[in-house]
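All remarks here apply to the structure that follows.
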There are 2 protein chains.
Amino acid sequence: MTELLTKNILNHITLSKKELESFCSLFNQKEVRKKHFLMQEGEICKFEGFVTKGLFRVYHIDSNGFEQVLYFAKENWWITDIDSFTNEKPSQLYIQALEDSEVLLISKKDKEFAYNNIPKIEKLFRVMTQKTHIALQRRIIDNLSKTADRRYIDFIEKYPNLFQRLTNLQIAAYLGISHEFLSKIRRKIASK
Amino acid sequence: MTELLTKNILNHITLSKKELESFCSLFNQKEVRKKHFLMQEGEICKFEGFVTKGLFRVYHIDSNGFEQVLYFAKENWWITDIDSFTNEKPSQLYIQALEDSEVLLISKKDKEFAYNNIPKIEKLFRVMTQKTHIALQRRIIDNLSKTADRRYIDFIEKYPNLFQRLTNLQIAAYLGISHEFLSKIRRKIASK
DNA sequence: TTCATTTATTGAACTTGTTCAATGTTTTGA
DNA sequence: TCAAAACATTGAACAAGTTCAATAAATGAA
């Protein structure tokens, strides 16, 4: 059940078997069926999650009712609202399963326990947060500098398997364009 | 010389006087005159810096020659190219002083030393990276959902003192619009 | 002070992307 | 399996933002 998690952790840092087991035992599995929510706006995010099966989208609904996708998370990805989780304040995000999914969840209390009792866990999350940080910076620059066509093409190239599992509506909400316009981009690309 | 740094650190975590001194002693001061560079594209970022005086901009130049500002850093802000620094690869960014400035720099080696010898430093950087992470997420959502007028108004409200020290060219490069269009936004706002 | 450089403003033509409404296609669940 | 719902495409009118070129204003270095 936690093999994928183990592998993922060892990808970031080195941990002894004992430390690994101790850390992994803090997680609880949860199933989330397609279209169901792991979290909704207004709730305080009580977990940090690791996706073992399926696909989620983390998104925001703005004051005009439009959805913006912050990120997608498939197997082997971490998922949370770091702001809500860390600062214990109401979330502005929704986390929804786009397929029948499974996640391993760790509570704030258990994560604190890990920080205090398995020193390397501090490093694990520092390293992971750093990696996400780098990706977010990249995305900001791309959003500022690239045209929608380019961002769409880049998205397909960067996440070819994710792309196949997503509708155009979802991709448009990630790219920050209307789905009608995405449709026109697709036509333009296809006609080449 | 390191009072501001000390204060900043204690704002994130608690450290003993001894730990603080030990950590602060790893920094070297550097002056950077207006328009001079702390780092340029292609270089490997050798430092993590803390601004004690002045103002910097961290920016990227895209393939069409346009500049995008990733962030500004004034006194009491940290500054680095985390990707280049962490992964020791050539940077895609420029870091330039917009005023006569001073920074405290720590090298990768000394930062590693701190990680290994002052356990709480791991936490310091995890917490700081987390905070930046939250701000970056916020900015991505704003860039996706808000119109340029709104982003400009928000910028002024969020960073009123920074705003006064920046030219409209710099602000436009941060907002991701042409400076001509920013000028038109300003006119529209003023006429109300 | 002065002159060169950088920054800011403006208008006109253009490009990119949105909105709305209609239509067709695919998926899904009872 | 079949109707409803969700998804995708298209065109036309519109809005947001860019580009280019000209001019004005502010700044800075000698």
Side-chain angles (χ1 to χ4, degrees), chain A residues 33-36 54-55 57 59 61-69 72 94 96-101 142-156 162-192, chain B residues 33-36 54-55 57 59 61-69 72 96-100 142-156 162-192:
Chain A
R33 316 252 3 217
K34 183 170 178 171
K35 294 194 184 176
H36 287 235
L55 175 60
R57 65 169 174 147
Y59 68 104
I61 301 184
D62 69 22
S63 48
N64 299 315
F66 291 100
E67 299 179 356
Q68 293 88 38
V69 171
F72 300 106
Y94 295 81
Q96 185 188 37
L98 294 174
E99 303 172 357
D100 289 345
S101 304
D142 286 352
N143 281 347
L144 292 180
S145 64
K146 291 180 179 167
T147 170
D149 319 34
R150 189 71 247 161
R151 299 208 306 277
Y152 177 62
I153 295 169
D154 288 354
F155 181 83
I156 295 175
L162 212 46
F163 158 71
Q164 292 168 17
R165 293 159 75 177
L166 293 169
T167 64
N168 290 338
L169 265 93
Q170 298 306 336
I171 296 175
Y174 178 89
L175 297 177
I177 57 177
S178 67
H179 71 280
E180 293 96 331
F181 188 54
L182 177 54
S183 189
K184 284 160 198 171
I185 289 174
R186 285 162 52 79
R187 177 174 41 166
K188 211 179 80 188
I189 292 172
S191 78
K192 282 184 187 166
Chain B
R33 316 255 358 221
K34 183 169 178 173
K35 293 195 185 173
H36 287 235
L55 176 59
R57 64 169 176 148
Y59 67 102
I61 301 184
D62 69 23
S63 50
N64 298 314
F66 292 99
E67 299 179 357
Q68 292 88 39
V69 171
F72 300 106
Q96 186 189 35
L98 294 175
E99 304 172 356
D100 290 344
D142 286 352
N143 281 347
L144 292 180
S145 65
K146 290 181 179 167
T147 171
D149 320 33
R150 191 71 247 159
R151 299 209 305 279
Y152 177 62
I153 294 169
D154 288 354
F155 182 82
I156 294 175
L162 213 46
F163 158 70
Q164 293 169 15
R165 293 160 73 178
L166 293 168
T167 64
N168 290 338
L169 263 95
Q170 298 307 334
I171 296 175
Y174 178 89
L175 297 176
I177 57 176
S178 67
H179 70 280
E180 293 97 331
F181 189 54
L182 177 53
S183 189
K184 284 159 198 171
I185 289 174
R186 286 162 52 78
R187 177 174 44 167
K188 212 178 80 188
I189 292 173
S191 77
K192 283 185 187 164

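Values reported hereafter were calculated over all heavy atoms of this structure, with side chains retained and with hydrogens, waters and symmetry mates removed. Remember, it's a predicted structure, so these values are computed and weren't measured experimentally. Here is how names work: the chains are called A, B, and so on, in the same order as the sequence lines, proteins then strands, and each is numbered from 1.
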Could you give the distance from CZ (B/Arg187) to OG (B/Ser191), rounded to the nearest 0.5 Å? 8.5 Å
In whole Å, what is the span from the CD1 atom of B/Ile177 to the P atom of D/dT18? 6 Å
To the nearest angstrom, how far is B/Tyr152 atom OH from D/dA16 atom P? 18 Å
Have a look at A/Tyr174 and tell me which of A/Phe163, A/Tyr59, A/Phe155 forms a ring pair (Phe, Tyr, Trp, His ring centres under 6.0 Å) with it. A/Phe155
Closest listed nucleotide, where the reference is the side chain of B/Glu180 and the choices are C/dT19, D/dC20, C/dT28: D/dC20
Starting at CD of B/Gln68 and ending at C1' of D/dG17, how long is that distance when rounded to a whole Å? 15 Å
Of the listed nucleotides (C/dT28, D/dT10, C/dT10), which one gets closest to any side-chain atom of B/Ser183? C/dT10
Hey, does B/Tyr152 have a side-chain heavy atom less than 4.5 Å from the side chain of B/Ile177? no
In a check of side chain to side chain donor-acceptor pair (under 3.5 Å) between A/Glu99 and each of A/Arg165, A/Lys34, A/Lys35, which one passes? A/Arg165
Rounded to the Å, how far apart are B/Phe181 CZ and C/dA12 P? 17 Å
Using the C1' atoms of five pairs at each end, what's the angle between the two axes of the helix from C/dT1-D/dA30 to C/dA30-D/dT1, to 10 degrees? 60°
Return the value, rounded to whole Å, for the distance between atom CZ of A/Arg187 and atom P of C/dG24. 16 Å
Please produce a list of atom pairs where a protein N or O lies less than 3.5 Å from an N or O of nucleotides 12-15 of chain D.
unit_1 : atom_1 : unit_2   : atom_2 : d
D/dA12 : N6     : A/Lys184 : NZ     : 3.1

Provide, to the nearest angstrom, the distance between the NZ atom belonging to B/Lys188 and the P atom belonging to C/dG11. 15 Å
Quick check: do A/Arg151 and A/Asp154 have side-chain heavy atoms less than 4.5 Å from each other? no
For B/Gln170 and B/Thr167, run side-chain contact (heavy atoms from CB on, under 4.5 Å): C-alpha distance rounded to whole Å, both residues' side-chain angles, the deciding distance at 0.1 Å, then the answer. CA-CA 5 Å; B/Gln170 298 307 334; B/Thr167 64; 3.3 Å; yes
Looking at A/Arg33, does any N or O in its side chain come under 4.0 Å of the phosphate oxygens OP1/OP2 on C/dG29? no
Calculate the interatomic distance between B/Leu182 atom CG and C/dA8 atom C1'; express it in whole Å. 10 Å
Among D/dT18, C/dT10, D/dT9, the one nearest A/Arg186 by side-chain distance: D/dT9
Would you indicate what B/Asn64 reaches in the nucleic acid, counting non-hydrogen atoms under 4.0 angstrom: base, sugar-phosphate, or nothing? nothing
Heavy-atom closest contact (B/Glu67 atom, B/Ile61 atom, distance): CG-CG1, 4.0 Å
If you round to the nearest 0.5 Å, how far is OG1 of A/Thr147 from CG of B/Asn64? 10.5 Å
Residues A/Arg150, A/Ile153; criterion side-chain contact (heavy atoms from CB on, under 4.5 Å); working and verdict: CA-CA 5 Å; A/Arg150 189 71 247 161; A/Ile153 295 169; 3.7 Å; yes
Close side-chain approach of B/Leu144 to A/Asp62, heavy-atom, < 4.5 Å: no
Which listed nucleotide (D/dG28, D/dT18, C/dG17) is nearest to the side chain of B/Ser178? D/dT18
Quick check: closest heavy atoms across A/Leu182 and A/Asn168, and the distance to 0.1 Å? CD2-O, 3.3 Å
side-chain contact (heavy atoms from CB on, under 4.5 Å) evaluation trace for B/Leu55 with B/Leu162: CA-CA 9 Å; B/Leu55 176 59; B/Leu162 213 46; 3.7 Å; yes
Taking NE2 from B/His179 and C1' from D/dT18, how many angstroms apart are they, rounded to a whole number? 11 Å
What residues in residues 163-173 of chain B put a non-hydrogen atom under 4.0 Å from any atom of DNA chain D? none
Looking at A/Arg150, does any N or O in its side chain come under 4.0 Å of the phosphate oxygens OP1/OP2 on C/dT16? no
